[in-house]
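In what follows, a single structure is set out as structure tokens and then discussed.
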Amino acid sequence: MGFNFDQYEKIKAQLPREVLLLPVSKTKPISDLMEAYNHGVKVFGENYVQELLAKAEEMPKDMEWHFIGHLQSNKVKYIAPFVKMIHGVDSFSLLKEIAKQARKQGRVIEVLLQFHIATEESKFGWSPEDLDEIAVELKNNTFEGVEICGVMGMASFVDDEQTIRKEFRQLKQCFDVLQPLLSERFRIISMGMSGDWPMAVEEGSNLIRLGSVLFGSRN
Ligand SMILES: *Cc1c(COP(=O)(O)O)cnc(C)c1O
């Protein structure tokens, strides 16, 4: 199907100015991404390290890559030389590894703290109950090499709007608790996907991650 630029423009036109639209290109061929690129879209989100490396290698160097999948500590070194933002940081050991690899590269990598807001078991992330512990860690460490920019989460895959809203609200609350502890650089709430982004924006998201609605459904 390729990249649906009309849809991209249509959604962008509906978004408040401060909301960023991140196209999620996982599993899609480079030709689809190049279509988007040729329309001026130069920021993409990817979920798998190997796939991201292959795409980053082949594609123009002025692209901005966001890693939005689950990242294992031993793979951080591969993406540290170029990745702009890592959304799914869900442990301090991972955060420390990202910071270390970023320093090695003489870079600063932007990161988001992932919270588990869905009821489903399989999703990664901190629990809102961990907020006190997170606050202590953030006070005691500088994590030089990373810029902690905000929070990220995924709502449950359910039809019930109230459940989804409640989960988005929970993520917004986590953001509000941590925000005063960090600087004004802590500013991003990454929530909302193809099926639920309008609600996410209503609940305070300022970064939505859209895959299938732009690139067509994945196999
Ligand atoms: C795949 C994925 C998306 C995009 O999902 P769509 O429903 O296709 O928009 C967004 N965020 C994360 C973390 C993903 O893994």
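Numbering of residues begins at 1 and proceeds along the displayed sequence. For ligands, and for the atoms within them, numbers begin at 1 and follow the listed sequence. These numbers come from the heavy atoms of this one structure, side chains and all, not from hydrogens, waters or symmetry mates.
Cation-pi geometry between K42 and Y37 is met: under 6.0 angstrom from the ring centre, within 45 degrees of the axis.
Residue-ligand proximity, L210 to ligand 1, at heavy-atom distances under 4.0 Å covers atoms 9 (O). Atom numbering of ligand 1 starts at 1 in the shown order; those under 4.0 Å from a heavy atom of N47 are 14 (C), 15 (O).
Within the 4.0 Å heavy-atom criterion, the part of M152 lying near ligand 1 is the side chain and not the backbone.
The protein non-hydrogen atom at the shortest distance from atom 9 (O) of ligand 1 is S194 OG, 2.5 Å. When only non-hydrogen protein atoms are considered, atom 12 (C) of ligand 1 lies nearest to I68 CD1, 3.5 Å.
Considering D90, L71, V89 in turn, D90 is the only one that fulfils the side chain to side chain contact (heavy atoms under 4.5 Å, CB included) rule with F124.
Which of R218, E46, M193, H87 comes nearest to atom 10 (C) of ligand 1 through a heavy atom is settled by distance: it is M193. If you check each of R209, K26, H70 against atom 2 (C) of ligand 1, the one with the closest non-hydrogen atom is K26.
Side-chain contact, H116 with S127: no donor N or O sits under 3.5 Å from an acceptor N or O.
Checked against a 6.0 Å centroid threshold, the rings of W126 and F92 count as neighbours. The aromatic ring centroids of F186 and F175 lie less than 6.0 Å from each other.
Between K26 and E46 no salt bridge is recorded (no basic side-chain N to carboxylate O distance below 4.0 Å).
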